[in-house]
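All remarks here apply to the structure that follows.
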Amino acid sequence: MTETDIKKGLAGVVVDTTAVSKVNPETNSLLYRGYPVQELAASCSFEQVALLLWNGELPSDSELAEFTAFERSHRALSPELKQIIDALPATCHPMDVCRTAASVLGAQDPTAEDSSREANLAKAKSLLAAMPAVVAYDQRRRRGQELVEPRDDLGYAQNFLWMTFGEEAAPPVVEAFNVSMILYAEHSFNASTFTARVITSTLADLHSAVVGAIGALKGPLHGGANEAVMHTFDEIGIRQEETAEEAEARAKAWMDDALAQKKKVMGFGHRVYKNGDSRVPTMKAALDAMIEHYDRPELLGLYNGLEKSMGEAKNIKPNLDYPAGPAYHLMGFDTPTFTPLFVASRISGWTAHIMEQLESNALIRPLSAYNGPDERHVS
Ligand SMILES: CC(=O)SCCNC(=O)CCNC(=O)[C@H](O)C(C)(C)COP(=O)(O)OP(=O)(O)OC[C@H]1O[C@@H](n2cnc3c(N)ncnc32)[C@H](O)[C@@H]1OP(=O)(O)O
Ligand SMILES: O=C([O-])CC(=O)C(=O)O
C-alpha cells in the first residue's frame with residue numbers, strides 16, 4: 001500500500017449506500033427521502049420530518065396523530081434521570097449531560113438489547129421525545145431555575161421552548177426553531193452519523209450508537225461549531241448600540257486579522273459542499289426573522305462582515321452552524337446549549353441510519369498502513 005492509496009479522513013470515499021438523504025454538492029441540494037429540505041422546512045413540523053426519516057414516507061394524518069400522542073406522553077424527565085443530572089457538576093459541558101442522559105435512558109430501557117426494527121423504532125421515538133427535557137432542564141439548572149414540566153397541548157418546537165424558558169414563545173420564534181430542527185435532522189454520512197453506523201455495525205445496541213454519535217458531534221469541526229460561532233461573535237464584541245454598518249466593519253477587520261494569523265474560523269467550510277451549504281439560505285432566513293423580531297440589526301452586521309471577508313479572502317462559504325448559532329442566541333439559549341439542540345434534532349437522522357445499517361449490516365473495519373518501527377524484540 002502506498003501513501004497515495006490512503007484516503008485521509010475518508011475524504012471522497014463512498015463506503016455504503018443510503019436511502020435516508022442525498023447530499024448533492026453539484027446542485028447544492030439536500031433531499032430527505034427524496035424531498036428537498038427547503039420544502040420540508042417551509043411546510044412541515046419537525047415531528048413529520050422525523051417520521052419521514054424513519055419510515056421513508058411522510059406520515060398520514062392518523063400516523064402523525066399516533067406519533068404526536070406518543071411523543072407528548074414521553075416528554076417528562078423521570079425523577080431518576082433528573083437526580084443523575086443534578087449530580088453532574090455545572091462545570092461539565094451540556095453535551096456531557098446529553099451523552100450521559102442518552103446512556104442512562106438506554107440502561108433504563110428494558111428493550112435496550114432488542115435490535116428488531118420495531119424495538120429500535122420505539123427506542124428512537126422515545127429518545128426523540130425525552131431529549132428536549134434534558135437539554136431544557138440542564139440550561140435551567142445552570143441558571144439556578146426550577147424544572148418546567150412539559151405541556152401536552154403544545155407541539156414539539158413550542159414545548160421545547162416552553163420547557164427551556166417557562167413561557168410560551170412568540171409564533172415567529174417557534175417557526176424559526178422548528179426550521180432549525182428540520183435542517184439539523186439529517187446529513188448522510190457525516191462524522192456523528194458514521195460513528196453511529198460504525199457502532200451499530202458491531203451489533204451493539206441503539207443507545208450505545210447514539211451515545212457515540214453525541215461524542216462525535218461535540219467537536220468544533222462538527223456540531224460544536226454552532227457554539228464556536230457565538231464565541232467568535234463574543235470575541236468581536238456584541239454592541240447593541242451599534243449600527244449594522246459599524247458592526248460589519250469591526251467583524252471584517254476581525255476576520256482579516258484571524259485569516260492573516262491562519263486561524264480556522266468555525267461556521268465556515270464543509271467537507272462535501274464546496275460552493276455553499278444547501279441549508280444556509282433557509283437558516284439565514286430564519287435568522288433574519290429573529291433579527292427583525294428582536295430588533296438586533298447589529299448582529300446582522302457582524303454576520304455579514306465575517307461572511308464577506310471570508311468570501312473575499314478565501315472564497316469559503318458559511319455552513320449551517322453559522323446562521324444557527326446567532327439564531328439560537330437571539331432565542332435566548334445559552335451558547336453551550338447550542339450543540340445539545342443539534343443533538344435533539346439529529347437523533348432522528350442517527351436512528352434512521354442505525355436502522356438502515358442493520359437492514360444490510362457489514363462490520364465496518366477499514367485497513368491501516370503501518371508506519372511504526374520495524375519488527376524488534378524485547379531481548
Ligand atoms: C453541521 C456541520 O457539522 S458543518 C461543519 C462545521 N464545522 C466547522 O464549521 C469547522 C470549521 N471548518 C472546518 O474546519 C473545515 O471546513 C471542515 C472540517 C468542516 C471541512 O474540512 P476539510 O474538507 O477537511 O477541509 P480542510 O480543513 O482541509 O480545508 C481545506 C482548506 O480550506 C481552509 N479552511 C477550511 N475551512 C476553513 C475555515 N473554517 N476557516 C479558515 N480556513 C478554512 C483550510 O485551512 C484549508 O486550507 P489550506 O488548503 O490552505 O490548508
Ligand atoms: O455533513 C457533514 O460533514 C457535517 C454536516 O453538515 C452535518 O452533519 O449536518
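Note that ligands are numbered from 1 as they come in the structure, with each ligand's atoms numbered from 1 the same way. All values reported here derive from a predicted model rather than from experimental measurement.
- Heavy atoms of N319 found under 4.0 angstrom from ligand 1 belong exclusively to the side chain.
- Annotation: side chain of F268 is in contact with side chain of L306 (closest heavy-atom distance under 4.5 Å).
- Between E246 and R239, none of the side-chain N atoms (NZ, or NE/NH1/NH2) sits under 4.0 Å from a carboxylate O, so this pair counts as no salt bridge.
- Note that NE2 of H207 and OG1 of T351 are 10.0 Å apart. Values are rounded to the nearest 0.5 Å.
- The line from CD of E312 to CE of M310 is 12.0 Å long, rounded to the nearest 0.5 Å.
- Contact annotation: for M310 versus ligand 1, heavy atoms closer than 4.0 Å belong to the side chain alone.
- Taking CH2 of W350 as the start and CG of N190 as the end, the distance is 8.5 Å to the nearest 0.5 Å.
- In this structure, atom 7 (N) of ligand 1 has protein heavy atoms in its sub-4.0 angstrom surroundings.
- Close approach to K274 involves these atoms of ligand 1, each under 4.0 Å from a residue heavy atom: 23 (O).
- Contacts between K317 and ligand 1 below 4.0 angstrom, taking non-hydrogen atoms only, are absent altogether.
- Here A11 has no heavy atoms under 4.0 Å from ligand 1, in either its backbone or its side chain.
- Contact annotation: for F342 versus ligand 1, heavy atoms closer than 4.0 Å belong to the side chain alone.
- With no hydrogens or angles considered, no side-chain donor-acceptor pair links N319 and K317 at under 3.5 Å.
- Taking a cutoff of 4.0 Å between a charged side-chain nitrogen and a carboxylate oxygen, R143 and D334 qualify as a salt bridge.
- By the 30° and 60° cut-offs, the orientation of the rings of H353 relative to F189 is perpendicular.
- The contact set between ligand 1 and M266, taken as ligand atoms under 4.0 Å from a residue heavy atom, comprises 9 (O), 10 (C), 11 (C).
- Contacts with ligand 1 closer than 4.0 Å are made by side-chain heavy atoms of I316 only, the backbone lying farther away.
- Contacts between D321 and ligand 1 below 4.0 angstrom, taking non-hydrogen atoms only, involve the side chain exclusively.
- At the top of the distance list for atom 50 (O) of ligand 1, counting protein heavy atoms only, stands K314 NZ, 4.6 Å.
- With respect to the salt-bridge test (charged N to carboxylate O, under 4.0 angstrom), the residues K308 and E248 qualify.
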Could you check D114 against T111 for side-chain hydrogen bond (donor to acceptor under 3.5 Å, both in side chains), going step by step and ending with a plain yes or no?
CA-CA 5 Å; D114 181 349; T111 68; over 6 Å; no
side-chain hydrogen bond (donor to acceptor under 3.5 Å, both in side chains) for E186 and S348? Distances and angles first, verdict last.
CA-CA 7 Å; E186 161 58 15; S348 58; over 6 Å; no
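- The protein heavy-atom contact nearest to atom 20 (C) of ligand 1 is R271 N, 3.6 Å.
- In this structure, atom 4 (S) of ligand 1 has a protein heavy-atom contact shorter than 4.0 Å.
- Taking the six-membered ring where the residue is Trp, H74 and F70 present parallel rings, their angle staying beneath 30° rather than reaching 60°.
- Residue-level contacts of ligand 2 at the 4.0 Å heavy-atom threshold are H187, N190, H222, H270, R279, R346.
- Of the protein's non-hydrogen atoms, F268 O, 3.8 Å is the one closest to atom 36 (N) of ligand 1.
- The protein reaches atom 40 (N) of ligand 1 closely, with a heavy atom under 4.0 angstrom from it.
- Within the set A225, G269, G267, the minimum heavy-atom distance to atom 19 (C) of ligand 1 is found for G269.
- One distance of note links CZ of F165 with CZ of F333; it measures 4.0 Å at 0.5 Å rounding.
- In this structure, K82 does not pair ionically with E80, as no charged nitrogen and carboxylate oxygen lie closer than 4.0 Å.
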